[in-house]
Amino acid sequence: MKEELIRIENGRFQHESGSYRFDISIAQGECVGVYVDEHLSSGTAYLGIFYGTSVMKSGKAFCRGSRVRPAEIGRWICQNCMVMGKHRFASKELTAKDYVIALGKTMSREQLREADRRISSPESQSIREQMGIRFGWEEKLTALSLLDYYKLALYKAWFAGSRLIVLDRVTEILRQRDLEAFMDCVQLLLGQGSAVFLLDLDEGFMYRYAGRVDVIKNRKLCYHLYPEEYDERLYEILGWERRSGVPERENTADRQAGAEVLRVTDLLFPSMAPLSFAVRGGEIAFLRDENYNTASRILDCFLGDTDWISGSFRLCGREYSRTEMLRKIGTEIGIQIKMPDRKDGVLFDDLTALDNLCLGLIPKAGKHVIRRPLVDSILDAASEWFEREELLRPIRTWSMPQRLQLSYLKWYLMNPRLLICLFPFAGQEPLHHEMIIQMLVNCARRGMAVWIISSGIDAICEKTENTEFVTRLRYLNG
């Protein structure tokens, strides 16, 4: 586990433009994005923490795992943090070497000699080469291109031993091809243990480079967003409109293009022939199982304690052991059985429908979440399927078809990469087959790979008028 650098819990900060509440946490080698609803107010106040203009009034502060007073964490930030923003230092006299060594520091002659020796050391030369810094130390600052200037600023952070680097809206400064070269240098420093905050309004940029995105709304930190898990879901739940293009996370783009999500190769369970097949995003793949043998083995593996004997299980290109796979249940992998209520189902009988939905969706937004706005958004989304009054009643008062539809709606909103449906039509009234078919299609439309394990469904396919279901359906065996 990487060493935590700073953590602030329930921090109330006073800035000249008002009072703000921020939770902050970052560890060595971690890159955290910060997305604000209003950069001139919330963004300025957040940056003020690292500039020293936002004062912490209350809350808990930790530095490298130890509880400290607000003044102590302020001193640590002052000594170990560098902020890189849109304002370039534009001295006509200073050279690159002056900028790295002397700017903003009072140094003795001995310190200057030591800095001069270090800047010419093999270690320094190696960092310069890895960053692609090819200009000489006597080059004037004003003669440097934007990319070279910001590379030099990163080198200065390394040279000064800065543990934390804050990048403010670099997407508004650098061209795309320069941005990629710049972020290669950032990755170099992350690999050496520095930590980076990215403040930006380009979600795609942060999704590509940040391991977590902290979302600030209404002067508060509202959500911790993990891009690999959420993709576009947070924006859909909140009803936000994108300010920029589609996120550039590789898996998100692949998912939308219908790329392979699941690949099973020679997966062997006791008393079964090996399974080998692949399912792509947006596809409804059907595996015939006349005697429930395959479904029971899969159920024991995913929800019980039975491991497969041999073979491989790959999700989005990565091979998982059973232990690793179990951690993905409920987030990347959904399990839908014919009876949706617990124990092995996805719904709690004594909770309201809204609470059942919130149980799956709210934990994704992080530990310190402002619950009310998100609950209202989930209620609005679910109201497209059910009456609002019904959503506020315990689901034990609902009919079985309603509970079944709600269970599919929960997966639809959670949007796992793989949805496994075990005998979805068994025991259901023919009248409700069309509802199940439509919910499966809705899930596939969102890019999920839908894997159905069931007995023959030929008669259901012949009767349905949902041509999209038939078009998306693919048989994995005879």
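One finds the CG atom of Leu354 at 9.5 Å from the CG atom of Leu359 (value rounded to the nearest 0.5 Å). Atom CG of residue Leu406 and atom CE of residue Met439 lie 8.5 Å apart, to the nearest 0.5 angstrom. Atom CE of Met183 is separated from atom CG of Leu174 by 10.5 Å, given to the nearest 0.5 angstrom. Rounding to the nearest 0.5 angstrom, the gap separating the CD1 atom in Ile395 from the CE atom in Met400 is 9.0 Å. Rounding to the nearest 0.5 angstrom, the gap separating the CG atom in Leu347 from the CZ atom in Arg403 is 8.5 Å. Summarising the geometry, atom CD1 belonging to Ile165 is positioned 10.5 Å from atom CG belonging to Leu198; distances are rounded to the nearest 0.5 Å.
Not one N or O on the side chain of Ser383 forms a donor-acceptor pair closer than 3.5 Å with the backbone of Arg388. Checked by atom type and distance alone, the side chain of Arg64 never pairs as donor or acceptor with a backbone atom of Glu3 at under 3.5 Å. Of the possible polar contacts, one joining the Arg322 side chain to the Cys301 backbone as a donor-acceptor pair under 3.5 Å is found. With Asp289 contributing its side chain and Ala295 its backbone, the two residues share a donor-acceptor pair below 3.5 Å. No side-chain donor-acceptor contact under 3.5 Å links Thr464 to the backbone of Cys461. A donor-acceptor pair is defined here as one N or O able to donate and one able to accept, closer than 3.5 Å; no such pair exists between the side chain of Tyr292 and the backbone of Ser454.
Under 3.5 Å, the side chains of Ser407 and Gln336 contain a donor-acceptor pair of N or O atoms. For Asp458 and Tyr475, the side-chain atoms include at least one donor-acceptor pair closer than 3.5 Å.
Using a 4.5 Å cut-off on side-chain heavy atoms (C-beta onward), Met131 and Leu188 make contact. Cys421 has its side chain within reach of Leu440: a pair of non-hydrogen atoms, C-beta onward, lies under 4.5 Å apart. Using a 4.5 Å cut-off on side-chain heavy atoms (C-beta onward), Asn293 and Met272 make contact. In this structure, Ile6 and Ile73 have side chains that are in contact, with non-hydrogen atoms separated by less than 4.5 Å. Looking at heavy atoms from C-beta onward, Glu390 lies in side-chain contact with Gln402 at the 4.5 angstrom threshold. Between Leu315 and Val261 there is a side-chain heavy-atom pair separated by less than 4.5 Å. For the pair Asn10/Lys60, no side-chain contact is recorded, criterion being any heavy-atom separation below 4.5 Å from C-beta on. Side-chain contact between Ser310 and Asp266 is absent, with no heavy-atom pair separated by less than 4.5 Å.
The two residues Leu476 and Leu287 make their nearest non-hydrogen contact at CB-CD1, 4.0 Å. The shortest non-hydrogen separation linking Lys151 to Gly132 is NZ-O, 3.5 Å. Across all their heavy atoms, Gln438 and Asn466 have their closest contact at OE1-ND2, 2.9 Å. Heavy atoms only, all atoms of each residue included: Ala353 and Trp398 are closest at CB-CZ2, 3.4 Å. The minimum heavy-atom distance linking Asn80 with Gly161 is given by the pair OD1-O, 4.5 Å. Residues Cys443 and Val450 approach most closely at CB-CG2, 4.4 Å, considering heavy atoms.
For the side-chain hydrogen bond (donor to acceptor under 3.5 Å, both in side chains) criterion with Thr352, the lone passing option out of Asn356, Asp350, Asp355 is Asp355. Of the candidates Leu190, Val186, Leu167, Cys31 forms a side-chain contact (heavy atoms from CB on, under 4.5 Å) with just one, namely Leu190.
A salt bridge does not link Glu332 to Arg318: none of the charged side-chain nitrogens sits closer than 4.0 Å to a carboxylate oxygen. Taking the charged nitrogens against the carboxylate oxygens, Arg7 and Asp23 have no contact shorter than 4.0 Å, which rules out a salt bridge. Salt bridge absent: Glu260 and Arg314 never bring a charged side-chain N and a carboxylate O closer than 4.0 Å.
Note on ring orientation: taking the six-membered ring where Trp is involved, the planes of Phe425 and Phe469 are perpendicular (angle over 60°, cut-offs 30° and 60°). Using cut-offs of 30° and 60° on the angle between ring planes, the pair Phe302 and Phe313 is perpendicular. Using a 30° and 60° split on the angle between ring planes, Phe22 and Phe13 fall in the tilted class, from 30° to 60°.
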Arg67 vs Glu9, test: salt bridge (charged side-chain N to carboxylate O under 4.0 Å, His left out). Steps then yes/no. CA-CA 11 Å; Arg67 178 78 179 270; Glu9 298 179 356; over 6 Å; no
Check the pair Met84, Val170 against side chain to side chain contact (heavy atoms under 4.5 Å, CB included), reporting the backbone distance first and the verdict last. CA-CA 8 Å; Met84 296 172 54; Val170 292; 5.9 Å; no
Worked check of side chain to side chain contact (heavy atoms under 4.5 Å, CB included) between Met435 and Leu404: CA-CA 9 Å; Met435 177 272 290; Leu404 188 63; 4.1 Å; yes
Can Asp214 and Val32 be said to form a side chain to side chain contact (heavy atoms under 4.5 Å, CB included), step by step? CA-CA 7 Å; Asp214 292 348; Val32 175; 3.8 Å; yes
Please determine whether side chain to side chain contact (heavy atoms under 4.5 Å, CB included) holds for the pair Arg163 and Gln28, giving the CA-CA distance in whole Å, both sets of side-chain angles, and the decisive distance to 0.1 Å. CA-CA 8 Å; Arg163 306 290 300 279; Gln28 279 186 339; 2.7 Å; yes
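Judged as a salt bridge (charged side-chain N to carboxylate O under 4.0 Å, His left out), and not counting sequence neighbours, Glu434 has no contacts. Shown here are the side chain to side chain donor-acceptor pair (under 3.5 Å) partners of Glu290, two or more places apart in sequence or in another chain: Arg288. In terms of the salt bridge (charged side-chain N to carboxylate O under 4.0 Å, His left out) criterion, residue partners of Arg474 (sequence neighbours excluded) are, by chain and number, Glu283. Considering only residues two or more places apart in sequence or on other chains, Arg175 meets the salt bridge (charged side-chain N to carboxylate O under 4.0 Å, His left out) condition with Asp178.
Contacts classified as side-chain hydrogen bond (donor to acceptor under 3.5 Å, both in side chains) and involving residues 183-194 (residues at least two apart or in different chains) are given here: Trp158-Gln192. A ring pair (Phe, Tyr, Trp, His ring centres under 6.0 Å) check over residues 436-459, counting only residues at least two apart or in different chains, returns the pairs Phe277-Trp451.
Here the two rings, on Trp385 and Tyr408, have centers that are 6.0 Å apart or farther.
Remark: Arg445 CZ is packed, more than 12 non-hydrogen atoms of other residues, nucleotides or ligands lying under 6.0 Å away. Counting non-hydrogen atoms of other residues, nucleotides and ligands closer than 6.0 Å to CD of Glu465 gives a total of 12 or fewer.
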